[in-house]
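To find a chain, count down the sequence lines: A is the first, B the second, and so on, and within it residues start at 1.
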Protein chains: 2
Amino acid sequence: MDQTICPKFEKALSIMNKRWTSLIIFQLLEGSQRFCEIESAIGVSGRVLSERLKDLEKEGMVTRTVHDETPVRIEYSLTDKGHSLKPALNQIQSWADEWVEAE
Amino acid sequence: MDQTICPKFEKALSIMNKRWTSLIIFQLLEGSQRFCEIESAIGVSGRVLSERLKDLEKEGMVTRTVHDETPVRIEYSLTDKGHSLKPALNQIQSWADEWVEAE
DNA sequence: TATGTTACTTACTTTATGTAACTAACTATA
DNA sequence: TATAGTTAGTTACATAAAGTAAGTAACATA
């Protein structure tokens, strides 16, 4: 285990490479959304979504807002840090458009 | 499980989000390297590295070249498809520089 | 003959994820 | 008042993926 790779870059990948994380952020780039919306939009299980949203909150990338309506409405939205991943995700999208074949 | 997300993008993420894949590609952006070099540079286990390199070959992103020396030397290098991920990885690097704190 | 080299593979353990049922805190309906 | 319905989770259990460490093939050198 050498240390030839930038630790910030490694940290970034350790966040983004966790399954579902990038898709959750991509989804939230469309605007704030509630738990069940994210769940059904990207097909992640509630168990993992819950885990990821907590991680992303800890990383300061996502904000959780409780609206005291009935039934309770909880909104997840991106912080500036979360939003700033947009160019990277767009680059991945461009790569996909050019290199990934449609199924 | 809706289908609101571009399938090409999802496919791209399913490749890139597999643990170690992005780091392997990032490492190979420096030039072709052999198995044990990649292994020690990024700290991936041989078991998984072997698996990932096979996947990446199947996806047409990595080429495996055998040099009949003693002991045998096997070089892994990026194809155009693999190399073209550079802008996306650079964007992640930029994001990391701006937003990830040094430890 | 024993040791060293690279590039793996195999067997086994630990961790991560998927699945589906369950809970809390309410409201609406019968 | 009991029953069912809502969202946002959590829990327990099963399966899949990754880590660990030893083993193998095919050579060469000491």
Side-chain angles (χ1 to χ4, degrees), chain A residues 1-5 10-11 13-28 31-59 61-78, chain B residues 1-3 5 10-28 31-59 61-78:
Chain A
M1 264 188 249
D2 278 332
Q3 190 57 38
T4 51
I5 287 186
E10 261 193 285
K11 177 72 194 298
L13 285 185
S14 80
I15 297 168
M16 296 200 55
N17 276 352
K18 275 209 159 184
R19 198 168 186 181
W20 299 112
T21 303
S22 302
L23 271 177
I24 291 167
I25 292 167
F26 183 78
Q27 188 65 22
L28 289 176
S32 63
Q33 284 174 57
R34 49 211 305 192
F35 194 90
C36 62
E37 285 177 312
I38 305 172
E39 199 177 5
S40 65
I42 67 178
V44 62
S45 72
R47 203 192 64 77
V48 173
L49 179 56
S50 170
E51 205 175 290
R52 288 297 181 278
L53 288 170
K54 279 178 192 159
D55 292 348
L56 289 169
E57 250 195 292
K58 257 185 211 155
E59 292 293 340
M61 299 172 71
V62 160
T63 305
R64 181 180 185 272
T65 311
V66 180
H67 298 271
D68 261 335
E69 304 169 3
T70 306
V72 65
R73 185 165 61 89
I74 291 169
E75 278 200 335
Y76 292 94
S77 48
L78 294 177
Chain B
M1 260 188 252
D2 278 332
Q3 190 57 41
I5 288 185
E10 262 194 283
K11 177 74 195 296
L13 285 185
S14 80
I15 297 168
M16 296 200 55
N17 276 352
K18 274 211 157 182
R19 198 167 185 179
W20 299 113
T21 304
S22 301
L23 270 177
I24 291 167
I25 292 167
F26 184 78
Q27 188 64 23
L28 289 177
S32 62
Q33 285 174 55
R34 49 210 306 192
F35 195 90
C36 61
E37 286 177 310
I38 305 171
E39 200 176 5
S40 65
I42 67 178
V44 63
S45 72
R47 203 193 63 78
V48 173
L49 179 55
S50 169
E51 205 174 288
R52 287 296 180 279
L53 288 169
K54 277 178 193 160
D55 292 347
L56 289 169
E57 251 195 291
K58 257 185 210 157
E59 292 292 340
M61 299 173 70
V62 161
T63 305
R64 181 179 185 272
T65 311
V66 181
H67 299 272
D68 262 334
E69 304 168 3
T70 305
V72 65
R73 185 165 61 88
I74 291 171
E75 277 200 337
Y76 292 92
S77 48
L78 295 178

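Listed pair B:R64 / C:dC8 meets the phosphate criterion, a side-chain N or O lying under 4.0 Å from OP1 or OP2. Within the structure, every side-chain polar atom (N or O) of B:S50 is placed at least 4.0 Å from both OP1 and OP2 of C:dC8. Distances shown here put every side-chain N or O of A:Y76 at or beyond 4.0 Å from the OP1 or OP2 atom of D:dT7. Proximity of B:R73 to the phosphate of C:dT5: no side-chain N or O atom is located under 4.0 Å from OP1 or OP2. Phosphate contact (OP1/OP2 of C:dT9, side-chain N/O of B:K54, threshold under 4.0 Å): present.
Between the P atom of D:dG9 and the CD atom of A:Q33 lies a distance of 14 Å, rounded to the nearest Å. One atom, CD1 of A:I38, and another, C1' of D:dT7, lie 13 Å apart when rounded to the nearest Å. Summarising the geometry, the separation between CG on B:L49 and C1' on C:dT9 is reported as 13 Å, rounded to the nearest angstrom. With rounding to whole Å, A:I74 atom CD1 is found 17 Å from D:dT6 atom P. With rounding to whole Å, B:N17 atom CG is found 12 Å from D:dA18 atom P. Between B:E39 atom CD and D:dG19 atom P there is a gap of 12 Å when expressed in whole angstrom units. Remark: P of C:dG18 and CD1 of A:I42 are 10 Å apart, rounded to the nearest angstrom.
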**Request:** Starting from the C-alpha separation in whole Å, work towards a yes-or-no answer on salt bridge (charged side-chain N to carboxylate O under 4.0 Å, His left out) for A:R19 and A:E51.
**Result:** CA-CA 11 Å; A:R19 198 168 186 181; A:E51 205 175 290; over 6 Å; no
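Of the two residues contacting DNA chain D, namely B:T70 and A:E75, the nearest-nucleotide position lying further toward the 5' end is that of A:E75. Comparing A:V72 and A:E51, the nucleotide of DNA chain D nearest to each residue sits closer to the 5' end for A:V72.
At a non-hydrogen distance threshold of 4.0 Å, B:R19, B:W20 from residues 19-26 of chain B come into contact with DNA chain D.
Overall, the helix from C:dT1-D:dA30 to C:dA30-D:dT1 carries an axis bend of 30° between its ends, with five pairs at each end and the value rounded to 10°.
Two residues are said to be in side-chain contact when any heavy atoms from C-beta on lie closer than 4.5 Å; B:D55 and B:R52 meet this criterion. The side-chain heavy atoms of B:F26 and B:I42, taken from C-beta on, include no pair separated by under 4.5 Å. At least one side-chain heavy atom of A:L78 sits under 4.5 Å from a side-chain heavy atom of A:V62. When side chains are defined from C-beta on, B:F35 does not count as touching B:I74, because their heavy atoms never get closer than 4.5 Å. With a 4.5 Å cut-off on side-chain heavy atoms, A:L23 and A:V44 do not count as touching. Inter-residue side-chain proximity for A:N17 and B:T21 is flagged as unmet; no heavy-atom pair is nearer than 4.5 Å.
When B:E57, B:K58, B:E59 are each tested for a side-chain contact (heavy atoms from CB on, under 4.5 Å) with B:M61, only one passes: B:E59. A side chain to side chain donor-acceptor pair (under 3.5 Å) with B:Q33 holds for exactly one of B:E39, B:Q27, B:E75; it is B:Q27.
Closest contact between the side chain of B:R47 and the listed nucleotides D:dG19, C:dA7, D:dA12 involves D:dG19. Checking D:dT7, C:dT9, D:dA8 against every side-chain atom of A:P71, the shortest atom distance belongs to D:dT7.
Using modelled atom types, no side-chain atom of B:R64 and backbone atom of B:K54 make a donor-acceptor pair closer than 3.5 Å.
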